[in-house]
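Shown next, in structure tokens, is the structure this report addresses.
What you see below is based on every heavy atom in this structure, not just the backbone, and it leaves out hydrogens, waters and symmetry mates.
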Amino acid sequence: METALIILAAGKGTRMNSDLPKVLHRVASAPMLEHAMAAGAMLGPRHTVVVAGHGADQVRAATTLFDEDAQVVEQTEQLGTAHAVAQARPALDGFEGMALVLYGDTPFVQPETLEKMQEALATHDVVVLGFEAADPARYGRLVMRGDALERIVEFKDATAEERAITLCNSGVVACKSELLFDLIDKVGNDNASEEYYLTDIIGIARAEGRSATVVTCDEAETMGVNSRADLARAEAAFQSRARDLLMEDGVTLVAPETVFLSRDTFIGRDTVVEPNVVFGPNVTVESGSTIRAFSHLEGCHVSRGGVVGPYARLRPGAELAEDVRIGNFVEVKNAQIAEGAKVNHLSYIGDATVGARSNIGAGTITCNYDGVMKHHTTIGAGAFIGSNTMLVAPVTIGEGAMTGSGSVITSDVEPEALALSRAPQVEKPGMARKMFEILKAKKAKLQRGS
């Protein structure tokens, strides 16, 4: 059955106390909305419709950044969840498959759970995602008869008997698209909040003789975020689960609680990650690598056998081939480092290509920015760049070439050539003693004056 995603993302999130739409607050370096979209994307949906409200332009930008084919529709009045879903009707006109309603502030529902809902819809008209709550609190309750869902009761409208139920509603619903909108048309707002509840479609469907059921998941999947405290709890929950999954997959985390991962972090087996490492978005580390302590990686690729750090920073566009060494206090940005090359100490390599087995000495800087434009540096295979060399781009260092320590290289260097660019050393006998005497006298005079 074809699938359409309807992701509700219209809430202002007053408790967040923020100018940013709630669904754009980040968990694991990605907007919560992106987590929901990514889970739904595993079903291969034909349509994705995001219902925006507060900050609609920002939500639209984030939506299309993740999926340029997704549609964004606006809910200009906040009249409840059924009203929000109804805004997706024009975008799904004529669509006959399954409509799956997700929430942009509930980032952890797993693709496997959504697949179970899809399967259940083959034998039922409406499928709701539920969970057994350790503390049901103010969740809506799922009233069951056997495996049939009779109705959903909001906490504020529930009787004491209904409030004793621990099977709770996540809000996630699956239903054939045409039926979903037909049921929504019959939803009223005769309730304590005078809102149009999506949950009311269950009672309406049952009154029409249609079947409804519940698929359950772990409560952790249904965690919603409504405040900064919730956001912190969601981050902690994501990190804990992601670390455990990495270790199960053969990655060594020396101090797991100090390693922070992004939604899309990939780390291959037999990689060792030392303490206090941060993985920003879009990082791939292949098998058998070592990421040493206090390093920060984002938008980069580390191939097999690479060593990064300690105290290294890989920025977007850093591409490390196999067995590359990036050492302490080295920053790499938008640069390709070929197999076996070494950048071991205190260097900046930006907008550059570094050839295989090259050795970049301590304090080397590719001077890539002239104040307006960025320029490229090319270092050939087997080159040796002496310590404290300034490579003023655009410049090319040929294969097997060498630069002398302390050089400022402004012109291309031929292969296998030695390039030196230093002022002549001048020595003045006895001048150091005289200078010390002059400076000490000045210091003494200043101290007397104070």
Side-chain angles (χ1 to χ4, degrees), residues 1-8 35-51 67 70-71 81-82 84-104 106-132 139-153 167-187 196-219 221-222:
M1 182 186 300
E2 289 189 315
T3 301
L5 305 179
I6 303 172
I7 303 177
L8 304 189
H35 287 261
M37 293 181 69
M42 298 300 289
L43 300 181
R46 182 176 174 186
H47 301 283
T48 297
V49 183
V50 175
V51 182
D67 179 0
Q71 297 173 269
T81 49
V85 174
Q87 308 313 301
R89 186 200 299 264
L92 297 181
D93 184 39
F95 177 71
E96 298 180 352
M98 176 184 79
L100 180 63
V101 180
L102 301 172
Y103 294 81
T106 305
F108 297 146
V109 178
Q110 296 300 301
E112 297 81 5
T113 298
L114 301 181
E115 288 175 356
K116 291 178 183 177
M117 295 184 70
Q118 189 178 45
E119 293 168 2
L121 197 64
T123 53
H124 294 85
D125 295 306
V126 186
V127 178
V128 169
L129 180 62
F131 62 97
E132 287 288 346
Y139 290 115
R141 305 306 204 263
L142 301 180
V143 181
M144 304 292 294
R145 179 175 296 174
D147 65 350
L149 175 61
E150 292 291 315
R151 65 187 183 280
I152 304 175
V153 183
L167 183 61
C168 295
N169 177 38
S170 72
V172 177
V173 175
C175 183
K176 286 188 177 179
S177 180
E178 290 183 353
L179 175 59
L180 175 65
F181 293 117
D182 286 345
L183 294 172
I184 284 175
D185 284 341
K186 299 166 186 174
V187 171
Y196 297 90
Y197 292 146
L198 181 62
T199 51
D200 286 352
I201 68 171
I202 302 302
I204 296 169
R206 295 293 288 154
E208 294 179 352
R210 299 183 183 277
S211 65
T213 194
V214 172
V215 166
T216 59
C217 67
D218 189 276
E219 184 175 0
E221 289 188 41
T222 67

**Prompt:** For the residue pair Pro45 and Ala41, what are the closest heavy atoms and their distance?
**Reply:** CD-O, 3.6 Å
**Asked** Distance-only, no hydrogens or angles: does the Ser170 side chain make a donor-acceptor pair with backbone N or O of Leu129 under 3.5 Å?
**Response** yes
**Message:** Would the distance check show the side chain of Thr48 and the main-chain N or O of Leu5 forming a donor-acceptor pair, the cut-off being under 3.5 Å?
**Reply:** no
**Fill in**
Leu43 and Pro111 have their tightest heavy-atom pair at CD2-O, 4.5 Å
**Message:** Do Val172 and Thr106 have side chains that approach each other closer than 4.5 Å (heavy atoms only, starting at C-beta)?
**Reply:** no
**Prompt:** Between atom CZ of Arg89 and atom CD1 of Ile6, what is the distance when rounded to the nearest 0.5 Å?
**Reply:** 10.0 Å
**Item:** Any side-chain heavy-atom pair of Cys217 and Val109 under 4.5 Å
**Value:** no
**Message:** Tell me whether Asn169 contacts the main-chain N or O of Leu142 through its side chain, where contact means a donor paired with an acceptor under 3.5 Å.
**Reply:** no
**Fill in**
For Met117 and Ala174 the tightest heavy-atom approach is CE-N, 3.8 Å
**Request:** Could you tell me whether a side-chain N or O of Ser177 sits under 3.5 Å from a main-chain N or O of Gly97, the two making a donor and an acceptor?
**Result:** no
**Complete:** The reported gap from NE2 in His47 to CD in Glu2 (rounded to nearest 0.5 angstrom) is 7.0 Å
**Asked** Just wondering, do Met1 and Lys176 contact through their side chains at under 4.5 Å, heavy atoms?
**Response** yes
**Asked** What pair of heavy atoms forms the shortest contact from Leu114 to Leu102, and how long is it?
**Response** CD2-CD2, 3.8 Å
**Heavy-atom pair of closest approach, residues Ala82 and Val187** = CB-CG1, 4.2 Å
**Message:** Using only atom types and a distance under 3.5 Å, with no angle test, would you say the side chain of Glu221 pairs donor to acceptor with the backbone of Gln110?
**Reply:** yes
**Request:** Test Met37 against Ile7 for side chain to side chain contact (heavy atoms under 4.5 Å, CB included), laying out the working first.
**Result:** CA-CA 8 Å; Met37 293 181 69; Ile7 303 177; 3.5 Å; yes
**Asked** Do the side chain of Thr81 and the main chain of Leu198 share a donor and acceptor less than 3.5 angstrom apart?
**Response** yes
**Request:** May I ask you to test the Leu92-Leu180 pair for a side-chain heavy-atom distance under 4.5 Å?
**Result:** no
**Asked** Does any N or O in the side chain of Arg141 come within less than 3.5 Å of the main-chain N or O of Tyr139, such that one atom is a donor and the other an acceptor?
**Response** yes
**Message:** Just verifying a value: how many Å separate Ile201 CD1 and Lys186 NZ, rounded to the nearest 0.5 Å?
**Reply:** 11.5 Å
**Asked** Would you say Arg206's side chain and Arg210's backbone share a donor-acceptor pair under 3.5 angstrom?
**Response** yes
**Prompt:** Atom CD1 of Ile152 and atom CE of Met144: how far apart are they, to the nearest 0.5 Å?
**Reply:** 10.0 Å
**Fill in**
d(Phe95 CZ, Thr3 OG1) to nearest 0.5 Å is 6.0 Å
**Complete:** Rounded to the nearest 0.5 angstrom, the OG1-CD1 distance for Thr213 and Ile202 is 10.0 Å
**Complete:** What one should report as the nearest heavy-atom pair of Ile184 and Ala86 is CG2-CB, 4.0 Å
**Message:** Quick check: do Glu208 and Leu183 have side-chain heavy atoms less than 4.5 Å from each other?
**Reply:** yes
